[in-house]
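All residue numbers in this chain count up from 1 along the given sequence. Remember, it's 1-based here, ligands and their atoms both numbered in the order they're listed.
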Amino acid sequence: MKNKKIIWVIIAIIVIVAGMAIWGNQSKNNDQASNQEKTVGVLQYVTHPALDEIYKGVQAGLKNKGYTEGENLKIVFQNGQADQSKLQTMSEELINKKSDVLIGIATPAAQSLANATSDIPVVLGAVTDPVGAKLVDNENKPGGNVTGVSDKTPAAGQIDLISKLLPDAKVIGALYSSGEDNSKYEIEQLKKVAIEKGFTVKDYAVPSTNEINSTVSSMVNDVDVIYIPVDNTIASAMQTVVNVANQSKTPIIPSVNTMVEQGGLAAVGIDQYELGVKTGEMAAEILDGKAVKDLPVYSFKTGDIYINEKQAELLGISIPDELKKEAKEIYNN
Ligand code: TRP
């Protein structure tokens, strides 16, 4: 009787110890799985302040969702410096580095990544027109391995801003690069609304940064205001545009906060850092296991107003109080 009791106690102890060992091992395995380092390959098209902000946002977005560099995340970053052949080799390199997810910042970078792989997920970082750029068939239901964030903004807001700030303006000069799909889309949208509201829109498409100086020098004689879409070529040479336009006191209405900070008069646009954050968060969802087909392309509903007060002063333009109140940020440097 006594012996039987002892045997039962021993069996119970064995069962508990074995159970604990198995359970402990399992949770260790789980920890290892979630601690496993993921690799994100980022290809940025070129260096300009807007894209640099987007990349900072991407890192923050990944972190928001639990992916921290050096802990459970490795980011391999490449900058194509607006060179098509570099973009291609870098895309292949990022694929060879066994990236779990690829992020393309700006249209040409995203196009290069999407051309290089049809199975690794590609997240678009601020691509204006993903359908026009042939990156996705349907923004709501991406069919392939590509989805992400678009930075298209409603043109009506931009025209409204021009009417409020420059009530005498009639001729808008659109300055953009002839080679960028993103700019083509934005200019088309702008023209639709501008013409409806009685403006004339003149096109000034440059083949490269080399022609910006001479193009701006001559366009200021024929237009009341310079409009700049989310164009990488112009963004790369924004300082030149501002310097030349200031000589004739021609106002510039760009489409993003960073270009207002650099000397544009005002814009209705999306905060570039926020664009990046959203992109990083979307990449994290894919790392968590979500399928591309279940992640529609994300677009921002409205833009925010940004104003450069110093620039307004220099141009002799007074900013209506109501606009100042609405502004998300007023730059004064
Ligand atoms: N939307 C641009 C593209 O599709 C990239 C971009 C994002 C950009 N933010 C910008 C370009 C600001 C100029 C300025 O390529």
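One hydrophobic cluster holds both Val292 and Val58 under the rule that ILVMFWY side chains link at heavy-atom gaps under 4.5 Å.
Under the side-chain hydrogen bond (donor to acceptor under 3.5 Å, both in side chains) criterion, no residue pair touches residues 255-276, with sequence neighbours excluded. Applying the salt bridge (Lys or Arg N to Asp or Glu O under 4.0 Å) test to residues at least two apart or on different chains, the pairs with a partner in residues 303-321 are Asp304-Lys328, Glu309-Lys324.
Checked for salt-bridge contact, Glu196 and Lys191 miss the test: no charged N lies under 4.0 Å from a carboxylate O.
Counting Ile, Leu, Val, Met, Phe, Trp and Tyr side chains that sit under 4.5 Å apart, directly or through other members, Ile234 shares a hydrophobic cluster with Val171, Leu175, Tyr204, Val206, Ile212, Val216, Met219, Val220, Val223, Ile226, Ile228, Val230, Met238, Val241, Val242, Val244, Ile252, Val256, Met259.
Here the options are Lys74, Gln59, Lys63, the test is side chain to side chain donor-acceptor pair (under 3.5 Å), and the partner is Glu69; only Gln59 passes.
Protein residues with any heavy atom under 4.0 Å from ligand 1: His48, Ala50, Leu51, Ile54, Ala106, Thr107, Ala126, Val127, Thr128, Asp151, Asn182, Val230, Asp231, Asn232, Ala235, Val256, Gln272.
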